[in-house]
Structure formats: structure tokens, C-alpha cells
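Side-chain atoms are counted along with the backbone in the values below, which use heavy atoms only and exclude waters and symmetry mates.
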Amino acid sequence: MIEADDLKSAVQSGLLTEAQAAQLTALAAERQTGRKVVRAGEEPFELFRGFNEVFIVVGLGILGFGWVGVLGILLTRSGDFQTFALTAALVTGAVILGLAEYFIRRRRMVAPAILLSVGWTATALAAWLIQFNAITLFGGFRTEVAAGPIALAAATTGVFWWRYRVPFAMALIGVQTFGAWLLFLATTSGQNATLRDIFLLSSQGPLAWGTLLFGLGIFAFAMRFDMSDPHRVTLRSANGFWLHVIAAPAIVNTVALTLIVAGQNAALIALLAIVAALAIVIDRRSFLLSAVGYVIVLIGQISEGDRVMIAILALGVGLVALGAAWQGIRRWLMRGVPATLVPFLPPSR
């Protein structure tokens, strides 16, 4: 096994150049697979690989802020809002693609890839909404025609994901698809989309059930990525991570809000226990954390008095306990998993 000190000695002796040593180190890191990459009990998660990426993200953020500001100034002087806005969106998209080719495909940077994905998505969303007159110069938003443009924006983000394979883009696709789906259901049914209408199963209209079905569909899509990479060593697993973050609120909150409003505390505890068991079996803390986080938000909005803090305290104790005993509980739960599914799930450690 060649260590870092060996490479330094090779550079000092002239056997390797610094560039060759850096390339060899990068190659070794890319070739690491299986359990050597992920420590026992860990779920892979990466936002940046070094402060250089943070530096570049700050630079890109300032660049983007200035770019939008200049476009805003020029927009006020333009006589044709739609033509100028669409032209600006095309130019912005071309610039983002150029930056993505360098920072994502060539440099393989994580944090800039996330920021460029957000920029591409925002640009595509604005362009499609303007193209279909769903937004106006003075900020008007026409919900009755917005579902189609948002769906097209999600598809445009999908093209970006296909080209650059940025896992975070999956979350952006999921959020846009969710928004388009809700607007479609609200428009076709005539139902006003309030918070309770979206998540309360006893409300009139299809929004709540549509939300639940959407969440189950995203969860199935996430599991497809996870089951194709049970050892969590490729980007497929990272794609699944972000999809789980989107799926959990749509699934859990729809049922949780119904139980909270009905005062079914015991059923809510049982629901959270089932979600926790599922998250442990598939070894996805992201799914459980996203679900519990939104349940806390719902409890804070619906419940009153001391019950809120008591519920939050109980959930906090439960999460800490699960975090400490995750692998032990998982080994026990895996005994009840059918043998045909075990090869598609992360191995017990």
C-alpha cells in the first residue's frame, strides 16, 4: 500500500513530479470501492470536497448576483419584456453550460455542481413560465397555466442531470414535478391549494391523495437507485439520497397531518415507528430525518401549549437513540427481511 509519505518522498527524489503525484492520488481515491469508502454505520453524503470548492461557489454566487442585477437593469430599459427575458435566459443557460463543462465534467467538483444545477433550474423555470405567459413583468403568477411550464422546466433539469449526473439535480426535478402535479390537480379539480388541502386526507378533492401517491412514486424511484447500488459506492446511491429527502414529506406528512388533526396520537407514534423501521431496513437516515423534520413543523403549526415542546423532546430523544443504536437495530430487523431482498439492500455491519 503506497502512503502519502511515499508519494512525497517520490516527488522529493525526482521519481515523480508533483502533478503526477496529485494525479496518482486522485486515481487511488476514485478506485476506492466498497466498504473502504464508507465507514461502518455511515450514509454517504457530500456537499463539497475542500475549501477551494467553497471559494469557487462564493465566486459563482457573486457572479450570478451581479449577472441578475445587470439583467434587471437592462430589463427595465427594454421595450419587450418577453423577448428580452427569453434572450437573457438563453444566454444565461449557455454561460451555465460552459461553466458546468469545466467545473463538473472536467474538475469533478461537488459544491459548484450543486450551485450550477440550481442556476440552470431557476433559469429554465423562469424561461418556460415567461414563454407561456405564466408570469408577468410585475410579478403576476397565473396558476391555471403554470403546471405545464413547470413540468417542462423539470424535464429541462432532467437534461442537465443526464449530461452531468449531478445527484442534487434529482431533488430539483422532484420539487418541480411535485409543484406541477399539485397545480395540475388543483386546476382540474377547482380545489384551492391550502396547506390542509394538500396534506389532509379527509379534505375534499384529490390534492391530499395525489400528494401521497406522488411520494410513494418518488420513494419507489429512489429505491430503484438504491437497490442498483447496495454498497453505496456510485452516484446512483447519491441520486437515491436526494429523492428520499423529497419522498418522505409527501408520504409521511399527508398521513401525519390527518392523524394530528384527528387527535390520534397513538396512531401517529405507530406511523413514526413504521417509518423508522423502514428507514433502518433500507439504511437511509435521510428518509427518516426528512420525515421527522416535517412532522415537527406540522406539530408546531397545529398543536398548542406544552404538547409541542414535549413532542419535540420525545422526537429528539428518539432520533439520538436511533443514531446511537442504528446498526444494532438494523441487524435485528434484517432477520425478518425476505432472503430475496437482502442482496439488494446495504449489508449489515
(request) Start with the C-alpha distance between Leu345 and Asp283, add both sets of side-chain angles, then the distance that settles side-chain contact (heavy atoms from CB on, under 4.5 Å), and finish with yes or no. (result) CA-CA 8 Å; Leu345 296 172; Asp283 204 13; over 6 Å; no

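- Considering all non-hydrogen atoms of both residues, Thr156 and Trp120 come closest at O-NE1, 3.1 Å.
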(request) Given side-chain contact (heavy atoms from CB on, under 4.5 Å), test Ile246 with Trp242 step by step and report yes or no. (result) CA-CA 7 Å; Ile246 301 300; Trp242 290 109; 5.9 Å; no

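- Between Ile173 and Gly158 the shortest heavy-atom distance is CD1-CA, 3.6 Å.
- The OG1 atom of Thr123 lies 10.0 Å from the CZ atom of Phe160; values are rounded to the nearest 0.5 Å.
- Side-chain atoms of Glu53 come within 3.5 Å of backbone N or O of Val110 as a donor-acceptor pair.
- Between atom CG of residue Leu243 and atom CE of residue Met170 there is a gap of 5.5 Å, rounded to the nearest 0.5 Å.
- Closest approach of Leu185 to Thr188, counting heavy atoms only: O-OG1, 3.2 Å.
- Remark: side-chain polar atoms of Gln131 are not paired, donor with acceptor, to backbone N or O of Ala127 under 3.5 angstrom.
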(message) Let's go through Val91 and Trp67 carefully: what are the C-alpha distance in whole Å and the side-chain angles of both, what is the deciding distance for side-chain contact (heavy atoms from CB on, under 4.5 Å) to 0.1 Å, and is it a yes or a no?
(response) CA-CA 11 Å; Val91 174; Trp67 178 262; 3.8 Å; yes

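- Listed here is the closest heavy atom pair of Ser286 and Phe241: CB-CE1, 3.4 Å.
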(request) Might you work through the side-chain contact (heavy atoms from CB on, under 4.5 Å) test for Ile282 and Phe219, ending with a clear yes or no? (result) CA-CA 11 Å; Ile282 65 176; Phe219 177 77; 3.9 Å; yes

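- A side-chain donor from one of Arg107 and Tyr102 sits under 3.5 Å from a side-chain acceptor of the other.
- The minimum heavy-atom distance between Leu319 and Val292, with the atom names listed, is CD1-CG1, 3.9 Å.
- When the options Thr258, Leu259, Ile269 are evaluated for a side chain to side chain contact (heavy atoms under 4.5 Å, CB included) with Gln264, the one that passes is Leu259.
- Atom CH2 of Trp181 has 12 or fewer neighbouring heavy atoms from other residues, nucleotides or ligands inside a 6.0 Å radius.
- Residues Asp226 and His244 share a closest heavy-atom pair of OD2-NE2, 2.8 Å.
- Annotation: the span from Leu47 atom CG to Ile114 atom CD1 amounts to 5.0 Å, rounded to 0.5 Å.
- Between Phe225 and Trp161, the angle of the ring planes goes over 60°, which puts this pair in the perpendicular group of the 30/60° scheme.
- Atom CZ of Phe184 is surrounded by 12 or fewer heavy atoms from other residues, nucleotides or ligands within 6.0 Å.
- For the pair Glu101 and Arg163, the salt-bridge criterion is met [side-chain N within less than 4.0 Å of a carboxylate O].
- Between the CD1 atom of Ile296 and the CG atom of Leu315 there is a distance of 5.0 Å, given to the nearest 0.5 Å.
- Distance CD1/Ile56 to CE/Met109: 3.5 Å, rounded to 0.5 Å.
- For the atom pair CG of Leu212 and CG of Leu207, the computed distance is 12.5 Å after rounding to the nearest 0.5 Å.
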